[in-house]
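Only one structure is covered here, and it is reproduced in the block below.
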Amino acid sequence: MNTLRPALGPTRRTSHLRRHAPWVALAAALGLSLLLPGQALADFWTPESGGSSNADAIDNLYKFVLAISAIIFIGVEGALIYCLVKFRARKGAVAAQIRGNTRLEIGWTVGAAAIVIVLAVATFIALPSIRNPDDSGAAGLNLAASGVAPGVLVAAGPTKKLPPSGKSLNIKVVGQQYLWRYSYPDGDENTLNDTFSYEEMVVPTDTAVTLDIQARDVAHSWWIPALGGKFDALPGYTNYTWFKVPKGMEGRVFTGQCAELCGRNHANMTARVRAVSPADFEAFIAQRKQDIQSANDAAATTRKQLEPELSDSGSAEPKQ
Amino acid sequence: MASTDISMPTTTPVAVPVPQILAHEVERPNTGWTSWVTTTDHKKIAIMYMVLTFVFFILGGVEALLIRLQLAQANNTLLTPQTYNELFTLHGTTMVFLFVVPVWAGLGNYFVPLMIGARDMAFPKLNAMSFWMLLMGGIVFYASIFWAPPECGWFCYSPLSSSTYLPSGGVDAWIFLIHLTGISSLVGAVNFYATIANMRAPGMGWGRLPLFCWAMLTYAILLILALPVIAGAVTLLLTDRHFGTHFFDASSGGSPLLWQHLFWFFGHPEVYIMILPGFGVVSEILPVFARKPIFGYKAIAAATVVIAFLGLLVWAHHMFATPSPTIVLVFFMMSSFLIAVPTGVKIFNWIATLWRGTIEYKTPLLFCVGFIGTFLVGGITGVFLAVFPIDWQLTDTYFVVAHLHYVLVGGAVFTIFAALYYWFPKMSGRMMSEPLGKLSFWLMLIGFHVTFFIQHSIGLDGMPRRIYEYDDVGNLQLYNLISTVGSFILAAGIGVTIINVYVSLKKGAIAGPDPWKANTLEWYTQSPPPANNFDTVPRIRSVEPMKDIRRQIARQGEEREPERAMAGASAAPGDELQSA
């Protein structure tokens, strides 16, 4: 047998290769994807991050799970392919009549359970940094002294978490077909006169921003990938999340879009978060206030002008 | 004939003996199409199930290809947003309710009675009713394409599904589809349970029940537990839409979250309903082509039951992004982790079944192996999604689309094709073409991975599911184009199998009763089996009755060999099997 092997070697190898050509092609395609340039590589295998520490923490947890998964994947697929190649039916080969092995089976059940426990522990370790908001930094919006939003303090709810200092810039996010509306707090109790904007949210850097997420019509889902996970906006409920754009990211715009099917133009329900310096943020709020005020005034003037006309045309008796 | 006419009162009742059995005429057996419409034979019903569900499979596939065509280019205008929403709703609903769940009912219908040595299902007329209800459900649903198909996705989330936002009848067609196919599956499930519990061959204890039958039993129990919940939920939706109730209307004290809980309480067991029978098929096919007994029969049967039990406790992992308390998220993360354990055990057992076997590379085996390799990826990405902070990034994106197709195409479609290639000789009496089968397998495997592997990255790059257009940022357009190309390769692979079925039905080699030298009782009878299935049923002594029979025949042959040698007889031992 041994003496025959060298002679058979080359022909066997080529037929071998041909037989497994599709597998080889598949492996090559996977391998090629690894050769993509660095940034593309990160995009290929991991979620987006970089705009807030909670998104980064999710990304790290994801990478940990990915590493364990890669080991399991290679191990199991390796064992499968090994069996397929090694135990092909050959002349004279007899299958071993094995019906089971209790020890081995208990072993891999316990092994699988152990991996699951490791993943659970890792999740619990990472969870606080994802769920609990950070305090605002020194360079952030001074919430107590800010002229625009003096002393913005919101109470923590049963599921809502606040930064340890208890202070955050609390923005209300309301989804509607097919727009996001943001209202910024102005310090007084009345929420009806809050400054608001549509589609683009403007936030100060280095400031803990908490979001109250609601929906006006159907279900939507708030998602800016680089600022953390998505949170559903459901009518009748308020969902919460937070983010803090680090200092130095002024001018960055983070994009995202509604992630829950909300109707025909679901694809067009986009959202942007623009990070600006705290000073620019205050200027933005002041400008918005002014714009809204002048728009309201203009509307009131127009209404007044139209009033006689409207009351005439609206009267019950037709004019002859 | 002792007929009593009611209109003419008889004044003097005479005690005439009434004959108990009376034959007016002997009905001819139905032939042609009436033999199909009127049948209660489990095998004919099963064939109708399979033909019908494959028609829906093709419809669902065409819808998928249209979706992929629309997404092949960024900002494509091939389809309108409305048509796009209708297409993915039709595609999802069709594949789940009109293909995967009922195709298992079809395959189970054919083979559960044969594998346990029964002559039919326990309730043949109910069995026929199951099929006709399925057909009605399909007609009601697909009729909506002539008016207004539903556009709320296959899980029809409230409040989008309310009459305020979708007033047309599409959602109602969807509701009646759920009701009709639900009744079909429920009646079928009761039938499977009764059949397996009561009609097993002598000697076939629970420990000798074929693993496919274990899977079908579990499938039946899950259907019985899960279907009433969705039936209730869609009834609430129907009354919300038309009769002024407010179960899911937040502005009147209802809750849209209630819909999600009710739907997924059904929806997640539904996933196991779709893949457990596939696990059963793999557990039947691997031992046959590895020429080895299944590794750890009891562990696999137990894992099936444990998966089903845990499958009832994981539903809210579809709702990690909803406003729910952290403790709820933690519970459903842990239960979803737990379900990975029995699933992993099954995969290890299958690989151990191949270990030290003599593997014959026939098409059914290839599909089973392709299933293991593919489903593993779906299982692993399932663990990513079970970690709820990670799920916040991944849910409702193409990552989930990739995951669910790895599970359902890898877990269900590949095993359905394995079952088709494995059992086709039994159903038709003819073998399917091996070269075409292998071509189909490789096209499907490569097409599948090209289509769906890249979708993980599409999701990670921030593309949500169910959007009809996207901007060309990063590599999104390239990735989507790759996915679209893959989907057409996959479709070509499926097309090859359809051609293979068509050609083999006419020209396939005659199979004989047991072409694979298989292990279970369906190979004991002729191919295709006669109407009564078996003339005699042997006593069952193990999980592999056919192996026992072959061994016994071989032994008898050896005993008789000296006599035969003297008599000059040349009968081969196998001949007796043919005549059995």
Side-chain angles (χ1 to χ4, degrees), chain A residues 22 26 40 43-44 46-48 58 61-62 65 69 72-73 76-77 79-80 83-84 87-89 93 95-100 105 108-109 112-113 116 119-120 123 126-127 130-131 159 218-219 221 225 229-232 234-239 256-257 259-267, chain B residues 81-82 85 153 157 159-160 165 250 255-257 290-293 295-296 299 321-323 325-326 333-334 337 340-341 344-345 347-348 351 354-360 369 372-373 376 380 383-384 387 389-390 392-393 395-397 442 446 449 457 460-462 464 466-469 474-475:
Chain A
L26 210 65
D43 282 355
F44 196 88
T46 60
E48 292 186 31
I58 292 176
L61 183 60
Y62 175 96
V65 179
S69 302
I72 297 171
F73 175 80
V76 178
E77 299 282 8
L80 178 64
C83 284
L84 291 174
F87 303 115
R88 273 178 301 136
Q97 300 300 302
I98 313 163
R99 289 181 183 276
E105 289 174 58
W108 63 45
T109 310
V116 160
L119 292 177
T123 308
L127 191 56
I130 298 168
R131 195 61 148 159
T159 54
V218 301
S221 190
K230 58 184 81 58
F231 291 86
D232 289 354
L234 267 185
Y237 292 84
T238 303
N239 213 342
Q257 65 189 97
E260 186 69 77
L261 176 66
C262 59
R264 289 181 191 165
N265 288 83
H266 168 52
Chain B
Q82 182 186 351
N85 287 8
Y157 268 7
L160 185 62
Y165 299 102
S255 162
L257 203 53
R291 302 276 158 232
K292 260 187 75 189
F295 188 92
T322 59
T326 308
M333 174 179 78
M334 297 309 289
F337 275 167
V341 175
V345 164
I347 290 179
F348 294 145
I351 293 176
L354 296 173
W355 184 263
R356 292 182 62 197
T358 50
I359 303 167
E360 288 168 26
V369 169
I372 298 174
L376 177 71
I380 288 175
V383 173
F384 282 83
V387 181
I390 296 179
W392 288 338
Q393 281 288 16
T395 186
D396 272 320
T397 70
W442 285 112
I446 293 168
H449 285 278
S457 301
L460 290 167
D461 280 358
R466 298 175 162 180
I467 57 172
Y468 74 95
E469 64 172 11
N475 291 319

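Residue numbering restarts at 1 for every chain, and letters A, B, ... go by the order of the sequence lines.
If you tally non-hydrogen atom pairs under 4.5 Å between each of B:G153, B:A340, B:G474, B:G462 and chain A, the highest count goes to B:G462. Ranking A:N239, A:L234, A:L119, A:I130 against chain B, the residue ahead of the rest is A:N239, based on heavy-atom pairs under 4.5 Å. With respect to chain A, the highest number of heavy-atom pairs below 4.5 Å among B:L160, B:V341, B:T397, B:V387 belongs to B:L160. Ranked by heavy-atom pairs shorter than 4.5 Å toward chain B, the options A:T109, A:V65, A:V116, A:L261 are led by A:L261. Annotation: maximal heavy-atom pairing with chain B below 4.5 Å, among A:S221, A:A79, A:A120, occurs at A:A120. Ranking A:A126, A:G256, A:G100 against chain B, the residue ahead of the rest is A:G100, based on heavy-atom pairs under 4.5 Å. Looking only at heavy-atom pairs under 4.5 Å with chain B, the residue among A:S69, A:A93, A:G236 that has the most is A:S69. When each of A:I72, A:L127, A:N265 is scored by its heavy-atom pairs under 4.5 Å with chain B, the top score falls to A:L127. Your options are B:P323, B:P464, B:P81, and the one with the most heavy-atom pairs under 4.5 Å with chain A is B:P323. Ranking B:V345, B:V383, B:I372 against chain A, the residue ahead of the rest is B:V345, based on heavy-atom pairs under 4.5 Å.
Taking CD1 of B:I351 as the reference point, atom CG of A:L80 lies at 5.0 Å (rounded to 0.5 Å). Note that OG1 of B:T395 and CG of A:D232 are 7.5 Å apart. Values are rounded to the nearest 0.5 Å. In this structure, the separation between CZ on B:F384 and CG on A:L61 is 10.0 Å, given to the nearest 0.5 Å. The CD1 atom of B:I380 sits 6.5 Å away from the CZ atom of A:F73 when rounded to the nearest 0.5 Å. The NZ atom of B:K292 sits 10.5 Å away from atom CZ of A:R99, with the distance rounded to the nearest 0.5 Å.
In this structure, the side chains of A:T123 and B:I390 stay at 4.5 Å or more apart for every pair of heavy atoms. Here the side chains of A:E260 and B:Y157 are in contact, with some heavy-atom distance below 4.5 Å.
Both the backbone and the side chain of A:Q97 come within contact range of chain B, judged by heavy atoms closer than 4.5 Å.
When all heavy atoms of A:Y62 and B:L460 are compared, the closest pair comes out as OH-CD1, 3.4 Å. Across A:A96 and B:P293, no two heavy atoms sit closer than the pair O-CD, 4.5 Å. Considering every non-hydrogen atom in both B:I467 and A:H266, the closest pair reads CG2-CD2, 3.7 Å. Of all non-hydrogen atoms in B:A290 and A:A95, the two that sit nearest each other are O-CB, 3.6 Å. When all heavy atoms of B:P256 and A:P235 are compared, the pair lying nearest together is CG-O, 3.4 Å. In terms of heavy atoms, B:P159 sits closest to A:A219 at CD-N, 3.7 Å.
Listed for the A:K230 side chain is no donor-acceptor partner under 3.5 Å among the backbone atoms of B:A321.
Partners of B:Y165 by ring pair (Phe, Tyr, Trp, His ring centres under 6.0 Å), not counting sequence neighbours: none found.
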### Query
Would B:D461 and A:F44 count as a side-chain contact (heavy atoms from CB on, under 4.5 Å) if you check the C-alpha gap in whole Å, the side-chain angles of each, and the deciding distance to 0.1 Å?
CA-CA 8 Å; B:D461 280 358; A:F44 196 88; over 6 Å; no
